[in-house]
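Any value given below was found using the heavy atoms of this structure, including those in side chains, with hydrogens, waters and symmetry copies removed. Lettering follows sequence order; numbering is per chain, from 1.
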Amino acid sequence: MYNFKEVETKWRGIWETNNTNEVSCPTKAPEQKKVYVLEMLPYPSGKIHMGHVRNYAIGDVVARFKKSSGYNVLHPMGWDSFGMPAENAAIKHGVHPREWTEGNILAMKNTLLPLGLSYDWKREIATHSKEYYGLEQQIFLDLYQRGLIYRKDAFVNWDPVDNTVLANEQVIDGCGWRSGAPVIKKKIPHWCVRITAYTDELLRNLESLPGWPEKVLLMQENWIGKSEGLEVKFVFHDKTVSRVAAFPDDSVTVFTTRPETLFGASFCAIAPEHPLSSFLAESDQEIAAFIRKCQELPSTESAISIAEKKGYDTGIFVRNPFDSKKLIKLYIANFVLMEYGKGAIFGCPAHDERDFDFATKYELPITTVIQCPPEETLPYVEPIGKMVHSEFLDGLDVLEARKVAIDKAEQLKIGVRKVTYRLRDWTVSRQRYWGCPVPMVHCPQCGTVPLRKEDLPVWLPEDVDFTQVGNPLDKHETWKQTVCPVCGAAAQRETDTLDTFFESSWYFLRYCSPHASEPFDKAEAQYWMPVDIYIGGIEHAVLHLLYARFFSMALSDMQYIDVREPFITLLTQGMVCHTSFQNSQGEWLYPEDVDKLPDGTYVCIETGEQVKAVRAEKMSKSKNNVVDPTAIVDAYGADSLRLFIMSDTPYDKDFYWNTEALDGAWRYLNKMWRLCENIMAQGVFSEEILAQGTAAIISKNDAPDILETTHVYLARIEQSLNQFSFHKAIALHRELTRALENCNFTEVRKDIAAEVFYIWLTAISPVTPHFALEAYEALFKPRSVHDTLLWPQLRPELATEDFVEIAVQVCGKFRGAFTAPVGASDTELQDNAMALENVQKFIVNKKITKVVVVSDKLVNFVVE
RNA sequence: GCCUGCUUGGUGGAAUUGGUAGACACAACAGACUUAAAAUCUGUCGAUUUAUAAUCAUGCCGGUUCGAUUCCGGCAGCAGGUACCA
């Protein structure tokens, strides 16, 4: 039996001794082509779970395949070690965030090491380390000097009892998770990154990223949300006598993508945060109360959009910009976002779902301005049809009318053509301890000023108190007090820390030169960047990947690097799911505490009680449906786990954990080992024999079937790996194994057999590296230890197939098949197909109206 | 709500991107070997029927095509994201 424990320990030892996974600096191998394989760095939550294992197994197969193919491969690993959970642990268990984080890193690394992942651990980074966040502050200052960071008021979730800022995750049903008090929105000053300065490039470059999944490109495009339209003024009716007399403006400016529907406008609505709302609230208690009510909603887009649409009639009228005689009611509405457009809208209920609901609720007029097809009911939202009830737009098509309306508004000087984006600037301030301190100082004389680079880094203080609520930095008096870098007077440090997306926006650059005294060495980054294959969860499709793209562009404009797009190929993996088990009390049980009965039902091992199996959810601690990789590695070995997790399911689909199939992977490994033992019983090969075999010129006619078969499979496995269809590569390898098992090697020339077995071993080596190397050593008895198997040279002339099976259809239905030489003529195929007995049955006495012949594939007779 | 995906046997999935639906596995069943078990090997394995074959079948409804799991339109369910979880 294959002794995985001994074998895996041995090879990991060899890799470590040989520094196999360390990559040379580029100057030593300038000729060699590089590949940078990167998996998204994990948050050190405490345990490696199967989602991690899947991510790293994918990365490792790619990295090993590339290395085997002769590339210089950078494959690093590190830790995204700032973030909220460390503070939660500090609050809950009284442990310091650093201690908790570093303990977790150690534990997780200990789980990763036995998996045999080909990381260059000498390049390991942790973003909470002083080397990392100290340098990050330099980047922050550079961005600030370049005008890409500014101060801005923004809303936060505010717990009025604890007097603290809450993350969206900490708001449960609109209430603070600890105090239980209803959360309100509160405006506080923030540090903000001007990502919108790069909107155009972030959008435009999406077209030059063919290695990204289409869905991610679409998600990013929609997130940026470019829309063209009109910014148009709705002038107050009779401003002098109304309550807006003292308001500095004489109109409300609205952005619309549907300017052609202006004649159908039946109301205007402004955001509760709109300056006019605030102005009105000053002298109107009811309005102030309504605005406060709106601000009770959590600030997430989803909460706002599913909340009941509410409007407050201000009693103010505005004039329709195209027809000043038409007066329109002005509302304050909870669904209007201040961050988008001008924070004000006009509603055309006949042609917009939401406006229709609003108008119906508040009994506002509904005027059709686009001729609605008879089968449609209002609201009719398609931008197709002729304009009606719209004066100068009447009779025009919708899209044409849109242009005319914009031109007219510009001509009348009541509006301007405008491109608006959904993308907002990136708020990076966090009122928390466990993050990178913002290197700014508040001076009573000089205002808010940046530190000088020589004043950096600003370390986090170690002595912090988590027994009080709020940001510990804010309460740390000695840390807070400093001197102004400009005037030298007493001043206070900024106590906000940075969003952890800031760290993950440049870590891939740091890996290129993890020990440089600057954030990174330009020459090294020049060699390694961009990342060739980036692998991570689909949940990062928008935010992380957009921020990282922005960083590359900004850093390149600041001459740090020459790369504007950091990731060439992006693989988004699916989740790892597992059945969850719930007993009658609603408690979640661990999978190992549950037994499956022959009838397919599940019982609790301890109590014998029947438990409910809830299909397939993301593995999560709260549902106890996690499987511990260490236990699996102990019982089956790393190769089995790697093989199992790469088998069956394509990398981008959700993976359903299934312990029985893991047995299957383990059996396959043993089957391969048995095959090796059988061959060894017939005598081993040698590297000399192997060299002869691969050098010998064997024409297709002389090649034994097994050599042809092996090269056919090598070609297909190579292709599958290049397409990242790992599960197919493994299925193909199983087929090849069967072919080898069925071959009598006593009748095969030794050098040819050697070549066959070398290909067979190497083809699976990226997935099961320990096994492949051990088997190579056993079969070939090399003089010196090989720690990587070089990918075999494919002989295309042996991998071509001479015959193909031709399917025959009658009226598109399969009726038979026959074998034909590759490249047979259409007439030949048609005649052969016609001759098939089962085909005759269906065409006899029928008139053939058409014959479709697809070369090397199919013949289809169409009969009446 | 909005954006983006996904849905194929008992189960995971395959189908060279419009051309034989179910490769390769898991589970199950039967057999061989064994005193027995484990391991291993062999076979069967979508449904229906009048069964050497035919019909139906890729979430549901409709369309394009000689031909649709694949393309188009609509619907349902599930999942990810929704800007302070990472």
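By the salt bridge (Lys or Arg N to Asp or Glu O under 4.0 Å) test, A:R432 pairs with no residue at all, sequence neighbours left out. Residues that satisfy the side chain to side chain donor-acceptor pair (under 3.5 Å) test with A:E87, not counting sequence neighbours, are absent from this structure.
OP1 or OP2 of B:G12 has not a single side-chain nitrogen or oxygen of A:H727 nearer than 4.0 Å. Dashed line: the shortest gap from a side-chain N or O of A:R738 to OP1 or OP2 of B:C24 is under 4.0 Å. Distances shorter than 4.0 Å separate some side-chain N or O of A:R815 from OP1 or OP2 on B:U55. Look at A:K653 and you'll find a side-chain N or O under 4.0 angstrom from OP1 or OP2 of B:U7. Listed pair A:N222 / B:U4 meets the phosphate criterion, a side-chain N or O lying under 4.0 Å from OP1 or OP2. The side chain of A:R424 places no N or O atom within less than 4.0 Å of a non-bridging phosphate oxygen (OP1 or OP2) of B:U82. Checking the phosphate oxygens (OP1, OP2) of B:G80, no side-chain nitrogen or oxygen of A:K215 falls inside 4.0 Å. Using a 4.0 Å cut-off, no side-chain N or O of A:R734 falls inside it from OP1 or OP2 of B:C24. For the OP1/OP2 pair of B:C26 and a distance below 4.0 Å, the side-chain nitrogens and oxygens of A:R667 include at least one atom meeting the criterion.
Nearest to the side-chain atoms of A:I306 among the listed nucleotides B:G1, B:A83, B:A86 stands B:G1. Between B:C84, B:G13, B:C41, one nucleotide has an atom nearer to the side chain of A:E741 than all others, and that is B:C41. Proximity note for A:N157 (side chain, C-beta onward) versus B:A79, B:A54, B:C84: the nearest is B:C84. Side chain of A:T500, nearest nucleotide from B:G1, B:A86, B:G13: B:A86. Distances from the side chain of A:R674 to the nucleotides B:A79, B:U40, B:G5 place B:U40 closest. Comparing atom distances between the A:E539 side chain and each of B:A86, B:U40, B:U7 picks out B:A86 as nearest. Residue A:D654 has its side chain nearest to B:A79 when only B:C85, B:A79, B:C2 are considered. For A:K850, counting side-chain heavy atoms from C-beta on, the closest listed nucleotide (B:C66, B:A86, B:A54) is B:C66. Here B:C56 is the nucleotide among B:C56, B:C84, B:A83 with the atom lying nearest to any side-chain atom of A:K813. Listed nucleotides: B:G19, B:G80, B:A86. Nearest to the side chain of A:M575: B:G80.
An anti orientation is assigned to B:G77, its glycosidic angle lying beyond 90° of 0. With its glycosidic angle within 90° of 0, B:U17 adopts the syn conformation.
Rounding to whole angstrom units, CZ of residue A:R432 and P of B:A86 are separated by 6 Å. Straight-line distance from the CD atom of A:Q809 to the P atom of B:C66: 13 Å, rounded to whole Å. One interatomic measurement links the two molecules: CD of A:E837 to P of B:U52, which rounds to 14 Å at whole-angstrom precision. To the nearest angstrom, P of B:A15 lies 3 Å from NZ of A:K728.
Nearest-nucleotide positions on RNA chain B for A:F155 and A:K857 put A:K857 closer to the 5' end.
Nearest heavy-atom pair across A:I105 and A:P44 is CG1-CB, 3.7 Å.
Side-chain to base pairing of A:Q170 with B:C84: no donor and acceptor N or O lie closer than 3.5 Å to each other. Judged by atom type and distance alone, A:D648 does not reach the base of B:G13 through any side-chain donor-acceptor pair under 3.5 Å. A donor-acceptor contact under 3.5 angstrom links the side-chain atoms of A:N860 to the base of B:C66. A donor and an acceptor atom never sit less than 3.5 Å apart when one is taken from the side chain of A:E353 and the other from the base of B:G1.
The existence of a salt bridge linking A:K187 and A:E273 is excluded, since no basic side-chain nitrogen approaches an acidic carboxylate oxygen closer than 4.0 Å.
You'll find the ring centres of A:Y2 and A:W666 outside the 6.0 Å limit. Aromatic rings of A:F358 and A:F335 (six-membered ring for Trp) have centroids within the 6.0 Å cut-off, being under it.
The aromatic rings of A:F550 and A:W426 lie perpendicular to each other, with more than 60° between the two planes, well past the 30° mark.
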